[in-house]
Amino acid sequence: QVQLVESGGGSVQAGGSLRLSCAASGYTYGTNCMGWFRQFPGKEREGVASIYTGDGTIYYGTSVKGRFTISQGNAKNTVYLQMNSLKPEDTAMYYCVADPNSFCRGSSWSVPVYNYWGQGTQVTVSS
């Protein structure tokens, strides 16, 4: 089992920045793929970014490319999401995800089939 704990959410004005952190504990061999999803009220979960911790392969969702940056901490079981130029439409619950497989090295990264999910952290962007 892998436990994921997110931190760093909050409220910010449009144009501002936030940095989300996710720390994994437990069976950390289960974190080959790590990433972030978000969910808007009444909508499906949407892939934001992923990283394959083995070789650093990274993917971003179209709506965040160029504004958000995913990175891995010095410890393999930590991942960050730097969010810049935030927009009101970025307001959502953000979830950290992890999986022991390697599907995030390809186009399947954005499919919400990751084994492990955090509790979520709310990001609210006001105009």
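Taking 4.5 Å as the limit, every side-chain heavy atom of Trp117 sits out of range of all side-chain heavy atoms of Asp99. Here the side chains of Arg38 and Val123 are not in contact, with every heavy-atom distance at 4.5 Å or above. The closest side-chain heavy-atom distance from Tyr95 to Arg45 is below 4.5 Å. Using a 4.5 Å cut-off on side-chain heavy atoms (C-beta onward), Asp55 and Arg105 make contact. For the pair Thr31 and Tyr116, the minimum side-chain heavy-atom distance is 4.5 Å or more.
Residues satisfying the ring pair (Phe, Tyr, Trp, His ring centres under 6.0 Å) test with Phe103, not counting sequence neighbours, are Tyr114.
Residues Asp90 and Arg67 approach most closely at OD2-NH1, 2.7 Å, considering heavy atoms. Across all non-hydrogen atoms, the minimal contact from Phe40 to Glu46 is CE1-OE1, 3.8 Å. Among all heavy-atom pairs drawn from Val2 and Ala24, the shortest one is CG1-CB, 4.0 Å.
Annotation for Gln119: atom CD does not count as buried by contact number, only 12 or fewer foreign heavy atoms lying within 6.0 Å.
Rounded to the nearest 0.5 angstrom, Tyr80 OH and Gln82 CD are separated by 11.5 Å. Going from atom OG1 of Thr53 over to atom CG of Asn32 covers 5.0 Å, rounded to the nearest 0.5 Å.
Proximity of the aromatic rings of Trp109 and Tyr52 is defined here by a centroid distance below 6.0 angstrom, and this criterion is not met.
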